[in-house]
Peer 1: 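Sharing a structure with you now.
Numbers for residues simply follow the sequence, beginning at 1.
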Amino acid sequence: LAERCQSLAVLDLSDNLIGPKGAGQLAAMLKRCRALRELSLGMNEIGADGAQRLAAVLEHCQTLRKLDLGWNKMVAAGTAKISAVLPALPALAHLDLRENKMGVDGARRLAAVLADCRALTLLDLGWNYMSDAGATVLAAALGECSRLAHLNMNENKIGPDGARQLAQVLGQCVSLTYLDLGWNRIGDEGARSMAALLQECSSLAYVNLGGNYISPHGAADIARVLKECRALTHLDMRGNKLTDEGTRLLASELLHCSALTHLDLRGNRVGDPGATALAERVGSCKTLTHLDVGGNTIGARGGQRLAAGLGKCAALQYLDVGGNSLGGEGLCAVAAQLEHCPQLRHLEACWNILCDNGAVQLADTLPSLAALSNINLSWNKIAAAGAARLATALAASTTLTHLSLVGNAIGTGGAEGVARLVARSPSLTQLDLGGNKIGDAGAGKLAEGLLAAAASPLRTLDLSGNNIGIDGCELLEPGLLCCKDLTLLNMANNAFGSKGLAELIRRGRSEVAM
């Protein structure tokens, strides 16, 4: 490599446990890399010493456009060394320094040179714990980055003051399309500042304000400016404190978001009233492809109301209603309307107290979801009868690739039904049945399904926590041998001992998780 490095244009050594010494050896080679355009060293351990050794030679890489040093524990000292050389890289457009614990001091060193990074379009500073003080010093410099299009400052302990300083400056970045301030501490005051930025920066398409302690008061400020956000495609408000009122306020303005494709309201204490308000407006988002309302407190009534709105979202591809309390009645109402969403590929519906009766009802609606490829019904108290009906309904699908029934109680009878699905499905590549007490007999039924399939396309099979013993392993082994593409087999938390392990080892081509 050293001999050919003069013409090297792209070098990716991410995730290789490279430490300071390795960084020094690499630095010696980089002196010759006069044509290098991209250097990726993310997820290593170069530390401050390694950063110093790299910085000493980076100035020779005049053509460098992308520099990824994320997840490297460089701390403030290493960040300072890298920052000092950035003005010598006139073509640098992409800079990733996330998860380096640079703190306020590192942010200050970086801010001092940003004005000289005139080609910069992407800056990733997530997980650096810089607080308001670091955000404030950076804000003053970011206004000079006229080409900046992508800014990530999530997980930085930024509060209302830092958010205000950023908002005042980022409005000058006329090219800014992506802003991630998720999982900080901006609160309602910070949300007000972000609302002002949204109103001023008409180019913003992706906005993440998740995990920021925003209540209905902050949501009201965001809602008031949505009519100005004609370019907005992604709005992430998950993990806040919106409750029903905040959801209602946001929903009331959704009709103005003519380009919106992704809306995330997960984990916001939204109940039936909030779901109802959302249902009344979500149908106006004709471009909506992804909706996440998981982890809330929506019940059967809210599910029924939400269903009516979802039926108007013809472009919907991904829906997450998991972690609510829809029950069979609510979830079946949702599924019945999803037939009007011909592009739906992914349905997350775990933790909804579906039970057997609900699973049977749901099964009747599934054949109408012609494009469905991924369905998660984990932790829904589904027993054998429900699992068997679901499997029968899905067996005719030519698009299903991933089925998860983890943490139910399907037992041997349910495993037999799933086995029939395995035998018939031409597309199923991932099957998750962990924690279902299928036992040895259930393992045998699955093996029969795999044998009947002759050449099952399965790549991932999760049978963890199923009370499978030695006999089950012996029954499984012939079926596993038919899975020529199997790469991951999870058999953790069973009880087969050394003899059972020997049977599994005979299927040596797979990665076996114990």
Side-chain angles (χ1 to χ4, degrees), residues 1-114 116-117 119-130 134 137-138 141 145 150-156:
L1 180 61
E3 294 176 356
R4 301 185 58 186
C5 65
Q6 289 184 352
S7 60
L8 194 66
V10 178
L11 179 59
D12 189 343
L13 296 174
S14 303
D15 197 11
N16 270 298
L17 298 178
I18 298 172
K21 183 177 179 180
Q25 294 170 333
L26 177 62
M29 186 192 79
L30 289 177
K31 289 181 180 180
R32 306 180 186 180
C33 297
R34 306 291 175 152
L36 193 65
R37 296 196 307 270
E38 297 184 10
L39 175 60
S40 297
L41 292 172
M43 301 184 71
N44 284 294
E45 299 176 355
I46 68 172
D49 290 343
Q52 181 175 1
R53 296 174 185 182
L54 285 173
V57 299
L58 280 178
E59 63 182 11
H60 299 291
C61 304
Q62 292 288 296
T63 57
L64 196 65
R65 297 184 68 252
K66 175 182 176 181
L67 178 59
D68 180 357
L69 294 173
W71 305 85
N72 264 297
K73 304 177 182 178
M74 296 194 303
V75 299
T79 304
K81 295 298 182 182
I82 295 296
S83 297
V85 77
L86 295 180
L89 305 175
L92 189 66
H94 178 135
L95 178 61
D96 188 342
L97 296 175
R98 59 185 152 169
E99 185 56 81
N100 273 297
K101 299 181 181 179
M102 66 172 66
V104 179
D105 290 340
R108 185 175 292 113
R109 295 299 188 96
L110 179 61
V113 302
L114 278 181
D116 296 318
C117 300
L120 197 64
T121 60
L122 183 149
L123 180 60
D124 195 332
L125 300 175
W127 296 283
N128 270 300
Y129 314 109
M130 63 183 66
V137 296
L138 276 170
C145 300
H150 181 123
L151 177 62
N152 180 13
M153 295 186 68
N154 67 342
E155 290 274 7
N156 267 301

Peer 1: Locate the shortest heavy-atom distance separating Asn72 from Leu41; write the atom from each residue and the value.
Peer 2: ND2-O, 2.8 Å
Peer 1: May I have the step-by-step check of side chain to side chain contact (heavy atoms under 4.5 Å, CB included) for Met153 and Met130, ending in yes or no?
Peer 2: CA-CA 9 Å; Met153 295 186 68; Met130 63 183 66; 3.5 Å; yes
Peer 1: Do side-chain atoms of Gln62 reach the backbone of Ala91 as a donor and acceptor pair under 3.5 angstrom?
Peer 2: no
Peer 1: Taking it one step at a time, do Met74 and Leu97 satisfy side chain to side chain contact (heavy atoms under 4.5 Å, CB included)?
Peer 2: CA-CA 9 Å; Met74 296 194 303; Leu97 296 175; 3.8 Å; yes
Peer 1: What heavy-atom pair brings Ala55 and Val85 nearest, and what distance separates the two atoms?
Peer 2: O-CG2, 3.6 Å
Peer 1: Enumerate donor-acceptor pairs with a distance under 3.5 Å from any side-chain N or O in residues 105-113 to protein atoms, sequence neighbours excluded.
Peer 2:
| from | atom 1 | to | atom 2 | distance (Å) |
| --- | --- | --- | --- | --- |
| Asp105 | OD1 | Arg108 | NH1 | 3.2 |

Peer 1: With sequence neighbours left out, write down each residue that passes salt bridge (Lys or Arg N to Asp or Glu O under 4.0 Å) with Arg98, or none if nothing qualifies.
Peer 2: Asp96, Asp124
Peer 1: Going through the distances and angles, do Leu26 and Ile46 end up as a side chain to side chain contact (heavy atoms under 4.5 Å, CB included)?
Peer 2: CA-CA 11 Å; Leu26 177 62; Ile46 68 172; over 6 Å; no
Peer 1: Can you name the closest pair of heavy atoms from Met102 and Thr79 and give their distance?
Peer 2: CB-OG1, 3.4 Å
Peer 1: Got Leu86 and Asp116 here, is their nearest side-chain heavy-atom distance under 4.5 Å?
Peer 2: no
Peer 1: Which pair of heavy atoms, one from Leu11 and one from Met29, lies closest together, and at what distance?
Peer 2: CD2-CE, 3.8 Å
Peer 1: So, for Glu45 and Leu17, which heavy atoms are closest and what is the spacing to 0.1 Å?
Peer 2: OE2-CD2, 3.9 Å
Peer 1: Return the minimal non-hydrogen interatomic distance between Asp15 and Asn44, and the atom names on each side.
Peer 2: N-ND2, 3.8 Å
Peer 1: To the nearest 0.5 Å, tell me how far Leu8 CG sits from Arg37 CZ.
Peer 2: 9.5 Å
Peer 1: How long is the straight-line distance from SG of Cys61 back to CG of Leu30, given to the nearest 0.5 Å?
Peer 2: 5.0 Å
Peer 1: What verdict does the side chain to side chain contact (heavy atoms under 4.5 Å, CB included) test give for Asp12 and Glu38, after you've listed the backbone C-alpha separation in whole Å, the side-chain angles of each residue and the deciding distance to 0.1 Å?
Peer 2: CA-CA 8 Å; Asp12 189 343; Glu38 297 184 10; over 6 Å; no
Peer 1: Nearest 0.5 Å, what's the CG-CG distance between Leu58 and Leu69?
Peer 2: 7.5 Å
Peer 1: Which distance, rounded to the nearest 0.5 Å, do you find between the CG of Leu92 and the OG1 of Thr63?
Peer 2: 11.0 Å
Peer 1: Taking the side chain from Thr121 and the backbone from Ala93, do they hold a donor-acceptor pair closer than 3.5 Å?
Peer 2: yes
Peer 1: How long is the straight-line distance from CZ of Arg34 back to NE2 of His60, given to the nearest 0.5 Å?
Peer 2: 6.0 Å
Peer 1: Are any of the side-chain heavy atoms of Asn154 and Trp127 separated by less than 4.5 Å?
Peer 2: yes
Peer 1: Return the set of residues passing ring-ring contact (aromatic ring centres under 6.0 Å, His included) with His94 (not counting sequence neighbours), or none when no residue passes.
Peer 2: none
